[in-house]
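So the structure is just underneath, and the comments pick up after that.
Letters A, B, ... mirror the listed sequences (proteins, then strands); counts begin at 1.
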Amino acid sequence: MKLTCDEATTICDKTQYGEATLWEKIKLNFHLVLCKNCRLYSKQNKLITKCINGHEHNINEACNCLNEKEKHEIEKELETHS
Amino acid sequence: MSSTKKNTLNPTKWVHLHADYLFNYTISRINNHDLAKDLVQDTFFAGLKAKENFKGLASERTWLISILKRKIIDHYRKINSVKGKAEVKMNFYSDGEREGEWIEERVPNSWGNEAEKIIENEELGNALDKCIDNLPEKYALVFKMKTMQHFETEEICKELEITASNLWVIIHRARTQLRKCMEDNWFKN
C-alpha cells in the first residue's frame, strides 16, 4: 500500500494519460493525503498537461514537409552513391 | 489479378515518389525537421545498398518504410546510449535510507495562485516549449510522441523496441524535469 514519492509521482504521470490502474490510483490518493510535496507535484503536473494541450507548439507550426531544394539535395546525393 | 507480377525498385524515382510520404511518417514521430530529413536520406541510401535483397513481394514503398522503421529504432538506440552531459538531474534519492524520497532542492515549490489563470498565456506556452527542447533527446522523443503526437503506449513501445515500464520511467523523468524547469524559468517569484 505504501508508495515512495518516486513511485507516487510516476503513477501521477500515468494518470495524465489516463493509464493508471484502479489500484494504482487508490495507492496514489492514499499517498497524496499524507504527502504535501507530491500533492503539489500532482497539481502542477495537471497544469503542465493543460498547458501542453492548450498551446499551439512552435514545432508543429513549421511546414512539415521537405522543400524542393532539400529533395533535390537528396536526389543528388543518391546519384553519387548509385 | 496476376500473382506473377512482381514489384520492382526504381531508385531514380524514389525521391519524387516517396520522399514526402517517408518524411511525414518520420516527422510525426521524431518532430525534428533536420533529423527527419537525414533519416529519410539514410533510408534511401540503405535501400540502394540492399536493393539486391528486394524480393518484390511488397511494394516499393512498404519496403522503404520497413527500412525507415529500423532507422528510427537505430536512432533511438543511439541517443539512448549517450550518457553524461544532457542527463536529467535526479529528483529522488536513488539509494540509502531515503530512497524514493524527494531530494530537498528538487522539492516542488508553490507556483502561486495565479498559475491556474495564466494557462492560456502564449508566453507560458513558449516557455514550456523551451523546457521541452531542453530535455535530453532520448526523453524528449518519447515524451513528444506520447504527449503531443498522442501515440498509444503500446505503439511507442513497439516502434522503439522498449518496454512499457521503460516508457513510464522516461515519461516520469521528462515530467519531473519539465516541472522543475517551469518553476525555475517561469514561476519563480
Side-chain angles (χ1 to χ4, degrees), chain A residues 2-21 24 31 35-82, chain B residues 11-12 14-16 19-20 23-24 27-28 31-33 36-37 40-41 44-45 48-49 91-94 98-102 107-111 115-116 119-122 124-129 131-133 144 146-148 150 153 164 168-169 171-172 174-176 178-179 182-183 187:
Chain A
K2 212 165 177 299
L3 294 173
T4 66
C5 295
D6 198 356
E7 291 163 339
T9 47
T10 303
I11 297 173
C12 178
D13 294 329
K14 278 192 194 176
T15 63
Q16 296 308 301
Y17 306 92
E19 294 187 38
T21 64
E24 282 178 325
H31 181 93
C35 180
K36 182 173 147 277
N37 290 335
C38 289
R39 270 206 306 276
L40 205 50
Y41 177 83
S42 171
K43 192 174 152 197
Q44 293 170 354
N45 206 15
K46 280 178 204 155
L47 215 61
I48 287 175
T49 300
K50 247 185 172 173
C51 184
I52 288 175
N53 292 336
H55 176 61
E56 284 286 325
H57 296 275
N58 298 334
I59 30 179
N60 289 331
E61 281 166 18
C63 168
N64 277 344
C65 50
L66 290 169
N67 60 42
E68 288 310 312
K69 186 170 160 270
E70 288 170 320
K71 284 188 198 169
H72 193 67
E73 280 166 9
I74 295 178
E75 252 167 357
K76 260 180 34 198
E77 288 277 342
L78 274 176
E79 271 169 33
T80 57
H81 279 72
S82 51
Chain B
T12 52
W14 278 356
V15 174
H16 175 68
D20 285 332
F23 184 80
N24 273 322
I27 200 79
S28 71
N31 221 335
N32 175 324
H33 186 96
K37 189 189 117 198
V40 170
Q41 184 166 321
F44 287 144
F45 285 154
L48 268 184
K49 254 192 191 163
N91 287 277
F92 305 92
Y93 292 103
S94 57
R98 308 188 62 185
E99 185 178 350
E101 284 181 36
W102 286 95
V107 163
N109 289 310
S110 172
W111 287 355
E116 299 274 358
I119 213 72
E120 302 292 320
N121 186 317
E122 195 182 324
L124 176 68
N126 293 338
L128 189 59
D129 274 348
C131 285
I132 293 171
D133 284 342
K144 285 182 192 169
K146 185 74 191 138
T147 316
M148 283 132 106
H150 303 288
T153 299
W168 290 116
V169 167
I171 296 287
H172 179 48
R175 279 190 170 263
T176 46
L178 275 184
R179 193 214 67 78
M182 288 303 283
E183 183 167 298
F187 292 106

Side chains of [X] and [Y] only: does a donor on one sit below 3.5 Å from an acceptor on the other?
X: H172(B); Y: E7(A); answer: no
X: T9(A); Y: R175(B); answer: no
X: Y17(A); Y: T153(B); answer: no

Worksheet entry | Atom group of K146(B) that falls short of 4.5 Å from chain A, counting heavy atoms |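 Contact with chain A is through both the backbone and side chain of K146(B).
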Worksheet entry | For C131(B), all residues meeting disulfide (SG to SG under 2.5 Å), sequence neighbours excluded |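 Here the qualifying residues are C181(B).
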Worksheet item: Given the rule in the side chain to side chain contact (heavy atoms under 4.5 Å, CB included) test, do T4(A) and E101(B) qualify, once you have shown the distances and angles that lead to the verdict?
Response: CA-CA 6 Å; T4(A) 66; E101(B) 284 181 36; over 6 Å; no
Worksheet item: chain A: which of L178(B), T12(B), N109(B), V169(B) shares the most heavy-atom pairs with it under 4.5 Å?
Response: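 Sorted descending by pairs with chain A, the first entry is N109(B).
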Discussion item. For chain A, which candidate among F44(B), Y93(B), F45(B), W168(B) shows the most heavy-atom pairs at distances under 4.5 Å?
Written reply: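 Looking at each of F44(B), Y93(B), F45(B), W168(B) in turn, W168(B) comes out on top.
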Distance from [X] atom [atom1] to [Y] atom [atom2], nearest 0.5 Å?
X: E79(A); Y: L48(B); atom1: CD; atom2: CG; result: 11.0 Å
X: I27(B); Y: C65(A); atom1: CD1; atom2: SG; result: 9.5 Å
X: F23(B); Y: I74(A); atom1: CZ; atom2: CD1; result: 8.5 Å
X: T147(B); Y: Q16(A); atom1: OG1; atom2: CD; result: 9.5 Å
X: K71(A); Y: H16(B); atom1: NZ; atom2: NE2; result: 8.5 Å

Contacting region of [X] [heavy-atom separation from chain B under 4.5 Å]:
X: Q44(A); value: both
X: Y41(A); value: both
X: C38(A); value: both

Practice prompt. Taking all heavy atoms of C51(A) and all of L128(B), pick out the closest pair and write down the distance.
Written response: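 For C51(A) and L128(B), the tightest heavy-atom pair comes out as SG-CD2, 3.6 Å.
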Item to complete: For the pair D6(A) and E99(B), evaluate side chain to side chain contact (heavy atoms under 4.5 Å, CB included) and give the outcome as yes or no after the intermediate values.
Response: CA-CA 9 Å; D6(A) 198 356; E99(B) 185 178 350; over 6 Å; no
Practice prompt. For H150(B) and N53(A), run side chain to side chain contact (heavy atoms under 4.5 Å, CB included): C-alpha distance rounded to whole Å, both residues' side-chain angles, the deciding distance at 0.1 Å, then the answer.
Written response: CA-CA 11 Å; H150(B) 303 288; N53(A) 292 336; 4.2 Å; yes
Discussion item. If you apply the rule side chain to side chain contact (heavy atoms under 4.5 Å, CB included), what do you find for W14(B) with E75(A), and how did you get there?
Written reply: CA-CA 8 Å; W14(B) 278 356; E75(A) 252 167 357; over 6 Å; no
